[in-house]
There are 2 protein chains.
Amino acid sequence: MDRAVHRAFRILETVTRAKEPMRLSTIASSLELQKSTVHRILQTLVAMGYVVQEPNGGRYRPTLRTWEMGSNVLHDHPVKRAAAPFLAELHRVTEETVSVMVLEGDDVIYLDKLIAPRPIRFTTRAGSRVPAPLTAGGQAMLALEPDARAVVERVARRLQAERAFDAETVLAALETVRARGYAVSRNNPDVVSVGAAILGRDGRAAGALSVSAPAERIDPARLEATVEAVRVICTRMAEFLGRL
Amino acid sequence: MDRAVHRAFRILETVTRAKEPMRLSTIASSLELQKSTVHRILQTLVAMGYVVQEPNGGRYRPTLRTWEMGSNVLHDHPVKRAAAPFLAELHRVTEETVSVMVLEGDDVIYLDKLIAPRPIRFTTRAGSRVPAPLTAGGQAMLALEPDARAVVERVARRLQAERAFDAETVLAALETVRARGYAVSRNNPDVVSVGAAILGRDGRAAGALSVSAPAERIDPARLEATVEAVRVICTRMAEFLGRL
DNA sequence: CCGCGCGTTCCGCGATACGGAACGATGTTT
DNA sequence: AAACATCGTTCCGTATCGCGGAACGCGCGG
C-alpha cells in the first residue's frame, strides 16, 4: 500500500470536505503529517489540476477536476441511469420532491433528486451521505439486508448522544417495513418521507426511491396514494433492471 | 513531485473515464506502466474505497466515492451556488433547456442544467467538458478573455479534421459577440443556443448562462426575446456576485 | 495438452519520499 | 519599534518504500 498515495487522497478528501480554502498547516496538523510532506503532495495535486493555491503562498482549495471525474462515475452508474425515467414519473404523479439512493456501507448516498415546485425545508443534496436507518429509502433497503442489525447497531453507536436513536426501536420498525414493502419516516417533524426498495436480482436492494413532502400537505389519503405510487414504480423499475 | 501519487491519479482518471470496468493489463499498457506497479496502486485505491474489483481477480471499476468527493466541490462552488435562482428564473421565462458553465482552460465545464419539458436532441450533461469556442456560453466568455486567440487556435489544432472549425472565422465571430454582449451558436443544425457571460469583478467572465432550444421552435421574435432574457439575467447575476 | 494471457506475488536494488530543521515573509503582540 | 508567532517554503541526509523484472498459478482456447 503506497503510503504517498494514501496520504494524497486523505489530503484531497480533507480539502474537498472543507467549506473554505484550507491552510497548509491546518491540513498537516489535522492529518498528523509533516508540513513538508503535505506541501510536496499538494504541489503534486496542484500540478495535476486537482487543487489550486491562492496567490502568494495562500490557502489551498479543490478545483472542479474532482467533480468532473466524479460525474463520469455517476453518469455510468447503472442504477442512476435506469432510474431517470422512473424518477421523473414518480415526480410527475406525486408532484413532490423525489430521490434515488443506493446503500453504501451503513449509509445511503443520494444519486439524484427532483425537487418539488414548493421545496421542502430540510433537503439533502445529491451526493450527500446519510446514515441509512435515518431515511425512508435506507430503511426500505435495510429491510432486505441479512445483517441489518449490525448496520443499525453501528449507526446507533456513531450517532450516540448526537441524536435520539434507539437501535431496538429501529430494528422493530424494520420488521414492519419488511412485511409491508415500504417505509415511512418522520424523523423531521415537518417532513414525511416514503421510500421503497428497488429489488435486485440477488434479492437485495439495488437502490431505493423516496418521496418527501411537508408534513402538513400529507393527509392519510394522500399518504396512501404516495405509498402506492412509490411501490408501483419501484416494482416496475425492478422489472426493468431484471431484463438487462 | 511524488511519482506514485501522480500515477495513482492517472490510474483513477483512466478507470473513471472508461465506460466499462477495466482490466489491469489494459490500464497498465495504456499508461505505459508495469503491471505490478498498477496492481499495487490499485490495491491502495481499493483499500481506500475509490475502486472495487470484480470477484475472482476481475476487472476494476470506480465507486461512488469519487463522485461523493466531487459533489462536495461542486456544492461549494461560488458560481454554481449563486447561479441556482437565476438559472431557475431563466428556465421559467424561456421554458427551454438552460445551463450554467464556467471556463476552465480552453474548455467550458457545465455546472448545472435544467432541462425543458420537451428535451432537445443533443444535450451535454452537467460535468462534461466541451471546447469553449463550440458553445454559445463559451464564446461569450472568450469574448472577454485577453488571449482568446490562443485558446481558439489551440482548440482548432485539437479538433483538426475531426470537425469543421476555422480559427479565423471563429475569431471574427468573437468580435461580434464582444460588441453585442451575447453569442448565438448553431453548431448543431437542430439546436440553437444563446449564451451570455456573467461579468466578474475583474472584467473577466465568472461564468456564463445559456439557453438551448430546438431550431424549429425559434423564430426571430422568440430569438430576440431569449437573448434579452439571458442578457438581463446575466446582468442581474453579475450584480449579485459583485455584492458578495 | 500445450501455450497464451490474465491477475498476482516475490524480491533485490536504488531512487525517492520522508521529516526535522532552517529560512524569509507577514502580521500580531507587547 | 522591536520581539514574537506563524505562515508557506526550501534544504538535505537518511532509510524507506516504491519500483519493475521475473516467476507463479490459473483459466481458457487452440
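First the proteins, then the strands, lettered A, B, ... as listed; each starts at 1.
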- [ ] Starting from P on C:dA17, measure out to NE2 on A:His39 and report it in whole angstrom.
- [x] 15 Å

Task: SB check B:Glu20 B:Arg61 (cutoff 4.0 Å) - done: no

Task: Strand contacts (DNA chain C) in residues 11-20 of chain A, 4.0 angstrom heavy-atom criterion - done: none

TODO: Would you kindly give the CZ-to-P distance between A:Arg40 and D:dG8, to the nearest whole Å?
DONE: 16 Å

TODO: Give the rounded distance in Å between these two atoms: CG of B:Leu24 and C1' of D:dG20.
DONE: 14 Å

Task: B:Glu239 and B:Arg236 ion-paired at < 4.0 Å - done: no

Open item on the list: I need the CD1-P distance between A:Ile27 and D:dG8, as an integer number of Å.
Closed with: 8 Å

Task: A:Arg23 CZ - D:dA5 P separation (whole Å) - done: 18 Å

TODO: Specify the separation, in whole Å, of atom CE of B:Met22 and atom P of C:dC6.
DONE: 12 Å

- [ ] Could you point out which residue of B:Val100, B:Val102, B:Thr135 forms a side chain to side chain contact (heavy atoms under 4.5 Å, CB included) with B:Tyr110?
- [x] B:Thr135

Open item on the list: By nearest atom, which of the nucleotides D:dC7, D:dG18, C:dG7 is closest to the B:Tyr60 side chain?
Closed with: C:dG7

Open item on the list: Let's see if you can work this out: which of D:dG20, C:dC6, C:dC18 has an atom nearest to the side-chain heavy atoms of B:Arg7?
Closed with: D:dG20

Open item on the list: Just so I know, are the side chains of A:Met48 and B:Glu13 near enough to count as touching, which here means a heavy-atom distance under 4.5 Å?
Closed with: yes

Task: N or O in side chain of B:Gln53 less than 4.0 angstrom from C:dT8 OP1/OP2 - done: yes

Task: Sugar-phosphate or base contact per nucleotide [nucleotides 22-30 of chain D; S, B, -; heavy atom under 4.0 Å] - done: ---------

- [ ] Kindly state each residue pair satisfying ring pair (Phe, Tyr, Trp, His ring centres under 6.0 Å) with at least one member in residues 33-86 of chain B, sequence neighbours excluded.
- [x] A:Phe9-B:Tyr50, B:Phe86-B:Phe240

Task: Given DNA chain D, 5'-ward residue of the pair A:Arg59 and B:Arg3, judged by closest heavy atom - done: A:Arg59

Task: For atom CE of B:Met1 and atom P of D:dG18, their distance in whole Å - done: 17 Å

Task: Distance, nearest 0.5 Å, that separates CD of A:Glu175 from CZ of A:Arg178 - done: 4.5 Å

Open item on the list: Quick check for you: among D:dT9, D:dG18, C:dT9, whose closest atom lies nearest to any side-chain atom of A:Asp2?
Closed with: D:dG18

Task: Nearest to side-chain heavy atoms of A:Thr37, which nucleotide of D:dC19, C:dC18, C:dT8 - done: C:dC18

TODO: For the residue pair A:Arg59 and A:Met22, establish whether any side-chain heavy-atom pair is separated by less than 4.5 Å.
DONE: no

Open item on the list: Tell me the interatomic distance from B:Asn56, atom CG, to C:dT8, atom P, rounded to whole angstroms.
Closed with: 10 Å

- [ ] Test A:Lys35 against A:Ser29 for side-chain hydrogen bond (donor to acceptor under 3.5 Å, both in side chains), laying out the working first.
- [x] CA-CA 8 Å; A:Lys35 278 196 300 173; A:Ser29 66; over 6 Å; no

